Amino acid sequence: EVPKQRWRACEKCQARIKAEGLHDKHELQSAFLKHFDTFLQQRGRTMIGWDEIMDGGLAQNAVVQAWRGLDWAIKAANMGHDVIVSPTSDCYFDYGYDAISTMKVFFFEPIPEKVKPDKIHHIQGVEGNLWGERIPNTERLDYQGFPRLCALAEVAWSPKEARDGDEFASRMRSQLERLEHLGVHYNRDESFVSRGNVIAQWEPSQIGSKFQTVEWDISTSVRKAGRYNATLVYSAGDYAIDIEWVALLENGVEVARDTHKGFSGYNKDNITYSMDLPAIKTKATYTLRASIKGNGGTDSAGDVFLLTP
């Protein structure tokens with residue numbers, strides 16, 4: 001990311017290239033890095049640099065952080081250099097979840113097949129990068145990082161043959177409860193955790209321009225105490241819905257409610273609502289009630305998913 005074109009117009013840079021017997025700007029960079037590689041080694045330190053440090057010739061002891069793709073990790077490892085793997089394709093958590101989902105991170109394999117068997121030990125590990133220039137607050141920082149960091153931890157600490165997507169998703173249910181307890185504002189809408197089964201739909205006739213309640217009988221889905229996650233997923237129409245809250249009722253009496261702003265349209269934000277049922281009553285009627293309204297119009301339709309304990 002250094003603008004090397006400026007070095008062409010720099011008299012001092014051109015003088016250094018001539019004095020050092022270098023061929024071009026890339027070799028100038030390499031000479032600079034090799035100087036500081038020696039400087040750091042003499043002080044018991046090791047240089048780590050983004051994979052651009054390979055341009056023009058790599059310093060002898062440098063560790064390469066491969067961000068532009070796995071090809072750079074393969075090249076550096078096969079040259080005998082230690083590598084930290086963090087490609088934009090799988091490890092940049094400032095990217096949206098539509099580009100890098102949690103399960104995409106989980107199935108990322110940081111040891112490329114083209115690394116020679118006797119060079120695999122040079123793959124030192126992985127790193128998740130989350131650049132903060134467009135992160136306005138800690139809540140958004142949490143959202144971008146979690147639960148993707150949980151998946152990256154599995155990649156870093158588990159051998160490939162031991163990683164199982166369904167088993168990971170199952171364990172993440174309790175992990176998300178821990179994040180909730182710790183006050184981490186994780187992405188509630190990640191589909192790596194099963195949304196459960198479709199138990200109802202909403203139709204345009206149920207949507208108004210102001211918040212109003214819509215109810216669905218979920219008695220046949222409630223079989224035991226525990227956490228019930230309801231997810232309202234837009235499927236059709238020109239307009240989205242705003243969600244105010246979702247509640248669980250037992251024989252017409254509210255027993256749990258999750259209140260937070262949700263938005264379900266082409267884009268989806270905070271559309272999963274969690275309710276804890278402390279105990280179950282035999283032959284009771286259970287109802288899901290939501291306060292929703294149209295966002296700019298009232299022709300929205302969608303599915304209601306319910307994930308049971």
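Please read these numbers as outputs of a predicted model, since none were measured by experiment.
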Does the [X] side chain pair with the main chain of [Y], one donor and one acceptor, at a distance under 3.5 Å?
X: Glu20; Y: Leu22; result: no
X: Asp217; Y: Thr287; result: no
X: Thr298; Y: Gly294; result: no
X: Thr138; Y: Leu141; result: no
X: Asp82; Y: Ile123; result: no

Charged tip of Arg148 within 45° of Phe146 ring normal and under 6.0 Å: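 No, Arg148 does not lie over the aromatic ring of Phe146.
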Salt bridge flag under 4.0 Å for residues [X] and [Y]:
X: Arg134; Y: Asp94; answer: no
X: Arg171; Y: Glu167; answer: yes
X: Glu11; Y: Arg16; answer: no
X: Glu27; Y: Lys34; answer: no

Stepwise salt bridge (charged side-chain N to carboxylate O under 4.0 Å, His left out) test for Lys281 and Glu250: CA-CA 8 Å; Lys281 291 183 179 179; Glu250 182 182 74; 3.6 Å; yes
Would [X] and [Y] count as having a side-chain donor-acceptor pair, cut-off 3.5 Å?
X: Trp67; Y: Thr88; answer: no
X: Arg140; Y: Gln144; answer: yes
X: Gln5; Y: Arg8; answer: no
X: Gln65; Y: Ser86; answer: yes
X: Asp258; Y: His260; answer: yes
X: Thr272; Y: Thr231; answer: yes

Aromatic ring proximity, centroids under 6.0 angstrom, Tyr97 and Tyr143: yes
Leu306 side chain reached by Tyr228 side chain, heavy atoms, under 4.5 Å: yes
Side-chain heavy atoms of Lys75 within contact of Asn78, under 4.5 Å: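 Heavy-atom side-chain distance check fails, nothing below 4.5 Å.
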Phe36 and Phe32 aromatic ring geometry - parallel, tilted or perpendicular at 30°/60° bounds: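 Aromatic pair Phe32/Phe36 classed tilted.
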Candidate pair Glu244 and Arg257, rule salt bridge (charged side-chain N to carboxylate O under 4.0 Å, His left out), full reasoning: CA-CA 11 Å; Glu244 188 175 30; Arg257 177 187 289 205; over 6 Å; no
Working for salt bridge (charged side-chain N to carboxylate O under 4.0 Å, His left out), residues Lys4 and Asp55: CA-CA 11 Å; Lys4 295 177 187 175; Asp55 297 342; 3.6 Å; yes
Heavy-atom closest pair, residues Ser30 and Leu58: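 Result for this residue pair: OG-N, 4.5 Å.
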